[in-house]
Amino acid sequence: MNLLEIRDLSIDFPAGEDSVKAVSRVSFEVREGETFGIIGESGSGKSVIGLALLRLLPANAKVEGTVFFKGQNLFSLKPSELRKIRGKRISLMPQNPAGALNPVLKNGVQVEEVFERTERKEGMKKALKLMKQLFLRDPERLCNLYPHQLSGGMRQRLLACMSLSFEPELLIADEPTKGLDPEAKEGAVKLFTKIKKEYGKTMLLITHDLDLALEVCDRIAVMYAGEIVELDEASKVLGTPLHPYTKGLIRAQPRNGLVPLSGQTPSRIKLPEGCFFHERCRYSRAECSRKHPEIRNHKGGWIRCHFRSLQ
Ligand SMILES: Nc1ncnc2c1ncn2[C@@H]1O[C@H](COP(=O)(O)OP(=O)(O)OP(=O)(O)O)[C@@H](O)[C@H]1O
Ligand code: NI
C-alpha cells in the first residue's frame with residue numbers, strides 16, 4: 001500500500017517579475033515500509049519537496065499538485081489538522097543538525113521539549129530507551145551536556161531519537177550525512193539501517209550520499225533542475241544507471257575517479273528549451289535541444305530521456 005502519494009508537485013518562488021522553478025511536476029509514491037531516496041546535485045529541488053509536504057515553505061512559495069498521506073490530501077488540511085500530523089505522524093529530520101538544536105539548552109531539555117508538558121515523564125522514558133537502542137551510550141550523561149559537546153554523529157543520533165519519539169509513520173531525513181566525517185557516515189548507515197529494519201519505518205531519504213542511498217534505499221528518484229529524470233530500484237539506478245545525468249553523478253564519485261560533470265545546471269528562472277540536461281549531455285542530439293522529454297516507463301522503472309536505450 002502507498003503511504004504517501006505525490007502527484008504533479010510544482011514549487012515556484014517569485015523573483016521580481018519572474019519566478020524560480022524549484023520543482024516541476026514531480027510525482028512518486030512511497031510504499032508502506034519502504035525507504036525511498038531522492039538524490040541529485042545541490043539545488044536540484046530535494047529539500048523543498050520535503051518541506052512542501054509538511055507545508056513548511058516560506059509563505060511566498062507557490063505550491064501546486066497533491067500529496068496524499070494515507071489517502072488524506074495534506075494540502076487541503078486545516079492548520080489544526082496539520083499540527084496533528086506534523087512531527088507526530090510525519091517527522092522531518094532537518095538538513096542542518098547543528099542548526100536544529102538550540103545551543104544554549106542542554107540536550108535533555110531539548111528532548112523533553114518535544115513532548116507536551118503532561119506527557120514529558122512518559123515521553124522521556126521512551127526517549128531514553130530509544131537513545132540506548134540507537135547507539136547512544138549513557139544517555140543520562142548525554143542529556144546533561146550541551147549540543148556543542150557532542151560529535152556530529154552523536155548530534156545526528158540525538159535528532160533521530162527526537163524525530164522518532166512520537167513513533168511517526170513516515171520519517172523524512174534531509175541530508176543526514178552532510179558534514180559528517182567518514183566514521184560518523186558509517187555510523188549513519190548503521191543508524192538508518194536499524195531504523196528501517198528493526199523499527200520497520202517508512203522513510204523518505206534526501207541525500208547526496210550515494211553510499212548511504214545504496215545501503216538503505218529500496219527505490220530512488222534522481223532529480224535534475226527540479227524534475228525527476230530517473231526512478232527505479234536503488235540497485236538498478238546506482239548499479240546500471242540509464243540516464244546520462246545519473247551516469248555522470250556516479251562517475252563523479254571519488255571511488256569512480258571523481259570525474260566531474262562538466263558545465264552548470266541551467267538557470268531556474270529561464271529553463272532551456274528541450275531537455276534540461278542537453279547542454280551538459282555527452283549524448284545530446286538535435287532532438288534533445290528542441291523537445292522536452294516526458295518521463296516514461298522503461299523496464300519497470302521511469303526515465304526522462306530521448307535516448308533511453310543508451311547503456
Ligand atoms: N526560499 C526560497 N526562495 C527562493 N528560492 C528558493 C528558496 N528555497 C529554495 N529555493 C530554490 O529552489 C531550488 C531547490 O532548492 P533545494 O534547497 O530544494 O535544493 P536541494 O536539492 O535540497 O539542494 P542541496 O543539496 O544543496 O540541499 C534552488 O534553486 C533554490 O535556490
Ligand atoms: Ni537540500
Side-chain angles (χ1 to χ4, degrees), residues 2-31 34 36-87 89-92 94-95 169-170 172-175 202-206 219-231 243 245 265-277 291-297 301-305:
N2 293 334
L3 189 67
L4 189 74
E5 261 179 41
I6 297 182
R7 291 283 164 260
D8 287 327
L9 178 67
S10 295
I11 303 167
D12 295 85
F13 293 99
E17 303 267 281
D18 304 302
S19 71
V20 175
K21 292 195 184 326
V23 170
S24 307
R25 299 194 55 197
V26 160
S27 300
F28 63 90
E29 63 286 322
V30 184
R31 301 167 188 156
E34 173 179 53
F36 189 92
I38 305 182
I39 63 171
E41 278 174 315
S42 195
S44 57
K46 306 180 299 293
S47 295
V48 288
I49 293 180
L51 294 170
L53 299 185
L54 290 171
R55 308 221 311 249
L56 291 170
L57 287 172
N60 70 340
K62 196 167 140 260
V63 180
E64 283 172 12
T66 49
V67 175
F68 284 95
F69 174 65
K70 286 203 154 168
Q72 207 174 17
N73 186 356
L74 293 182
F75 290 172
S76 63
L77 295 182
K78 291 192 216 115
S80 61
E81 294 170 321
L82 190 64
R83 273 198 298 276
K84 287 186 200 145
I85 290 188
R86 201 192 270 160
R89 296 181 61 198
I90 304 179
S91 195
L92 174 73
Q95 178 155 351
E169 290 147 80
L170 175 68
I172 306 172
D174 192 354
E175 298 285 6
T202 308
M203 288 192 279
L204 180 61
L205 191 61
I206 297 169
R219 290 187 305 144
I220 288 181
V222 184
M223 301 251 332
Y224 184 76
E227 288 186 326
I228 293 181
V229 294
E230 183 161 6
L231 191 163
H243 197 283
Y245 172 64
T265 36
S267 152
R268 303 290 269 284
I269 292 178
K270 201 175 175 310
L271 281 155
E273 298 246 327
C275 172
F276 295 165
F277 187 61
K291 193 167 147 228
H292 187 68
E294 289 298 320
I295 194 155
R296 34 184 182 177
N297 202 257
W302 294 90
I303 180 123
R304 186 190 292 281
C305 179

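Going from atom CD1 of I206 over to atom CG of L51 covers 7.5 Å, rounded to the nearest 0.5 Å. M223 contributes atom CE, which lies 8.0 Å from atom OG of S24 (distance to the nearest 0.5 angstrom). In this structure, the separation between CZ on R86 and CG on L54 is 6.5 Å, given to the nearest 0.5 Å. How far CG of L170 is from OG1 of T202: 6.5 Å, rounded to the nearest 0.5 Å. Of the inter-residue distances, the one linking I39 atom CD1 with K46 atom NZ reads 9.0 Å to the nearest 0.5 angstrom. The line from OG of S19 to CD1 of I269 is 7.5 Å long, rounded to the nearest 0.5 Å.
No donor-acceptor contact under 3.5 angstrom links the side chains of T66 and N73, judged on distance only.
Contact of the L74 side chain with the I90 side chain is registered, since non-hydrogen atoms from C-beta on lie closer than 4.5 Å. Between C305 and F277 there is no side-chain heavy-atom pair separated by less than 4.5 Å. Side-chain contact check for D174 versus P94: every heavy-atom pair is 4.5 Å or farther apart. S10 is not listed as a side-chain neighbour of V23, based on a closest heavy-atom distance of 4.5 Å or more. At a threshold of 4.5 Å between non-hydrogen side-chain atoms, the residues F68 and L4 do not count as touching. I49 places a side-chain heavy atom less than 4.5 Å from the side chain of L9. Using a 4.5 Å cut-off on side-chain heavy atoms (C-beta onward), H292 and F276 make contact. A 4.5 Å side-chain heavy-atom check between I295 and I303 finds every atom pair outside the cut-off.
Residues E34 and R219 are paired through a salt bridge, judged by an N-O separation under 4.0 Å between the basic side chain and the carboxylate. At a threshold of 4.0 Å, the pair E64-K62 counts as salt-bridged, since one of the basic side-chain nitrogens sits closer than that to a carboxylate oxygen. By the 4.0 Å N-to-carboxylate-O rule, R304 lies close enough to E227 to be salt-bridged with it.
Atom CZ of R89 is surrounded by more than 12 heavy atoms from other residues, nucleotides or ligands within 6.0 Å. Atom CD of E81 has more than 12 neighbouring heavy atoms from other residues, nucleotides or ligands inside a 6.0 Å radius.
In terms of heavy-atom proximity, G226 sits nearest to V26 at O-CG2, 3.7 Å. E29 approaches R7 most closely through the heavy-atom pair OE1-NH2, 3.2 Å. Taking both residues in full, the closest heavy atoms of F75 and G65 are given as CD1-O, 3.3 Å, listed atom of the first, atom of the second, then distance. In plain terms, the two heavy atoms of P266 and P272 that are nearest each other are CB-CD, 3.5 Å. Between I6 and L53, the shortest heavy-atom contact is CD1-CD2, 3.5 Å. When every heavy atom of I85 is checked against every heavy atom of Q72, the shortest pair comes out as CD1-OE1, 3.7 Å.
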Handout entry: Worked verdict on K70 versus E169 for salt bridge (charged side-chain N to carboxylate O under 4.0 Å, His left out)
Key = CA-CA 10 Å; K70 286 203 154 168; E169 290 147 80; 2.9 Å; yes

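Using cut-offs of 30° and 60° for the angle between ring planes, the F36 and F28 rings count as parallel.
Between Y224 and H243, the gap from one ring centroid to the other reaches at least 6.0 Å.
At least one donor-acceptor pair under 3.5 Å links the side chain of R55 to the backbone N or O of L77. Using a distance-only test at 3.5 Å, with no hydrogens or angles considered, a donor-acceptor pair links the side chain of R268 to the main chain of A22.
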